[in-house]
There are 2 protein chains.
Amino acid sequence: MFSKACEHAIKAMIYIATQSLENKRVKIGDVAKHTGSPEAYTAKIMGTLNKQGIVSSLTGPYGGFEINAKMMKQIKVSDIVFAIDGDSVYNGCGLGLNECSEEKPCPIHNEFVKVRSELKTMLETTSVFDLATKLQSGEVTLVR
Amino acid sequence: MFSKACEHAIKAMIYIATQSLENKRVKIGDVAKHTGSPEAYTAKIMGTLNKQGIVSSLTGPYGGFEINAKMMKQIKVSDIVFAIDGDSVYNGCGLGLNECSEEKPCPIHNEFVKVRSELKTMLETTSVFDLATKLQSGEVTLVR
DNA sequence: TTTTATTCGGATAAAATTGTCATAAATAAA
DNA sequence: TTTATTTATGACAATTTTATCCGAATAAAA
Ligand code: FES
Ligand code: FES
């Protein structure tokens with residue numbers, strides 16, 4: 001569904017958000033530990049997210065990653081997915097044709113667009129804040 | 001969403017089905033040409049589908065692949081996806097946790113299972129025959 | 001029975017993705 | 001200003017996925 005990189009990204013964002021809610025900036029090693037993701041790879045992914053402006057970072061002692069409280073309500077999971085996997089999830093053809101087209105669709109197009117659209121809506125209506133509060137409450141987990 | 005191999009598999013099955021509806025057995029080169037997939041790779045994939053019993057093959061002159069007319073109504077897209085990609089599409093965690101669990105779910109679980117379930121239902125209710133007749137009618141395409 | 005056409009299957013290769021490492025750049029504290 | 005700590009980044013490595021190649025097996029036709 002999503003790439004490994006994208007899964008790492010979503011988990012990292014959620015964990016960082018929980019810490020930001022407690023005004024704690026987090027180091028990449030801490031992120032890796034709490035998400036079960038490889039540290040160096042996650043660091044690279046965070047670089048991409050930082051460039052796209054959906055996470056803030058600070059180098060040096062007392063540095064790390066953080067997400068502004070206002071931002072984490074605006075940032076939707078769809079933004080993370082788009083930043084890492086691009087728009088293929090939202091617009092790509094289910095059978096891998098180079099373009100999804102209404103005029104000359106692939107055989108599964110009509111069935112596929114419904115599901116794809118619901119996935120998109122789901123991602124667009126779920127904010128990082130929503131997921132971070134769930135994690136804070138302890139009802140969900142990032143590792144297994 | 002699906003692996004490349006799975007996309008090749010679905011397209012191949014649909015094309016073979018259209019030919020079987022006209023009582024024509026098709027060679028792998030013909031399949032590759034009409035699906036835009038690499039021939040040798042498709043051949044290997046067909047081997048898997050053949051072992052799983054969702055396509056029939058015959059070696060030698062006048063050999064090739066075919067799908068029994070009764071079977072192509074019974075075979076659903078879900079069967080092809082399962083044969084190639086396994087059950088991760090139906091049961092895998094959206095964040096890549098080693099298991100999707102209701103007891104200790106990941107943060108997106110509740111949102112994700114809905115979409116995943118609709119995808120599953122969609123695949124389970126779409127038969128190879130349905131898609132083959134669409135292709136025969138010329139309203140859809142396998143290549144672009 | 002021999003020839004020919006085809007799938008089957010294992011070895012190999014190429015490409016993409018995932019992951020690591022080392023060094024540079026930045027920044028805060030001493 | 002120097003030092004310690006942390007992110008940033010590009011090169012490299014490992015793994016997985018995708019794709020190719022070729023000889024063996026099979027079966028129809030000549
Ligand atoms: S053309 Fe394939 S999903 Fe739209
Ligand atoms: S636990 Fe992640 S989708 Fe169910």
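This structure is a prediction, so every number in the text was calculated from the model and none was measured. So you know, we letter chains A, B, ... as the sequences are listed, proteins then strands, and number each from 1.
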Query - Among Leu58(A), Asp30(A), Ile16(A), side chain to side chain contact (heavy atoms under 4.5 Å, CB included) partner for Phe65(A) - result: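 Of Leu58(A), Asp30(A), Ile16(A), side chain to side chain contact (heavy atoms under 4.5 Å, CB included) with Phe65(A) is met by Ile16(A) alone.
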- [ ] Among Val55(B), Val128(B), Leu49(B), find the residue that satisfies the side chain to side chain contact (heavy atoms under 4.5 Å, CB included) test when tested with Ile75(B).
- [x]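 It is Val128(B); the other options fail the test.
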Which atom pairs link the protein and nucleotides 14-18 of chain D when you take only N or O atoms and keep those under 3.5 Å?
{"residue": "dT18(D)", "atom": "OP1", "partner": "Lys4(B)", "partner atom": "N", "Å": "2.9"}

Classify Gly64(A) by what it touches in the nucleic acid, base, sugar-phosphate, or nothing, heavy-atom distance under 4.0 Å.
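Result for Gly64(A) = sugar-phosphate.
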Given protein heavy atoms under 4.0 Å, the one-letter contact record of nucleotides 25-30 of chain D, with B base, S sugar-phosphate only and - none, is simply -BBB--
- Just how large is the angle between the end axes of the helix from dT1(C)-dA30(D) to dA30(C)-dT1(D), five pairs per end, to 10 degrees?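 Result, rounded to 10 degrees: 0°.
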Specify the separation, in whole Å, of atom [atom1] of [X] and atom [atom2] of [N].
| X | N | atom1 | atom2 | result |
| --- | --- | --- | --- | --- |
| Ile84(A) | dT17(C) | CD1 | C1' | 13 Å |
| Ile28(B) | dC8(C) | CD1 | P | 9 Å |
| Glu39(A) | dG19(C) | CD | P | 14 Å |
| Asp30(B) | dA5(C) | CG | P | 16 Å |

Quiz item: Which residue pairs pass the side chain to side chain donor-acceptor pair (under 3.5 Å) test with at least one member in residues 71-83 of chain A, sequence neighbours excluded?
Solution: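 Residue pairs with at least one partner in residues 71-83 of chain A: there are none.
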Using the ring of each side chain (for Trp, its six-membered ring), is His34(A) parallel, tilted or perpendicular to Tyr15(A), with breaks at 30° and 60°?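 The rings of His34(A) and Tyr15(A) lie parallel, inter-plane angle below 30°.
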query = For Lys4(B), what residues pass the side-chain hydrogen bond (donor to acceptor under 3.5 Å, both in side chains) criterion, not counting sequence neighbours?
reply =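 So Lys4(B) forms a side-chain hydrogen bond (donor to acceptor under 3.5 Å, both in side chains) with Glu7(B).
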Between protein and nucleic acid, restricted to nucleotides 10-14 of chain C and to nitrogen or oxygen atoms under 3.5 Å apart, what atom pairs and distances do you find?
{"residue": "dG10(C)", "atom": "N7", "partner": "Lys44(B)", "partner atom": "NZ", "Å": "3.3"}
{"residue": "dG10(C)", "atom": "O6", "partner": "Lys44(B)", "partner atom": "NZ", "Å": "3.2"}
{"residue": "dA11(C)", "atom": "N6", "partner": "Lys44(B)", "partner atom": "NZ", "Å": "2.7"}

Item checked: Any Asn50(B) side-chain N or O less than 4.0 Å from OP1/OP2 of dC8(C) ->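 So the side chain of Asn50(B) is within the cut-off, an N or O lying under 4.0 Å from OP1 or OP2 of dC8(C).
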For this session: Answer whether the closest heavy-atom distance between the side chains of Asn68(B) and Ser56(B) falls below 4.5 Å.
Result: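 No, their side chains stay 4.5 Å or more apart.
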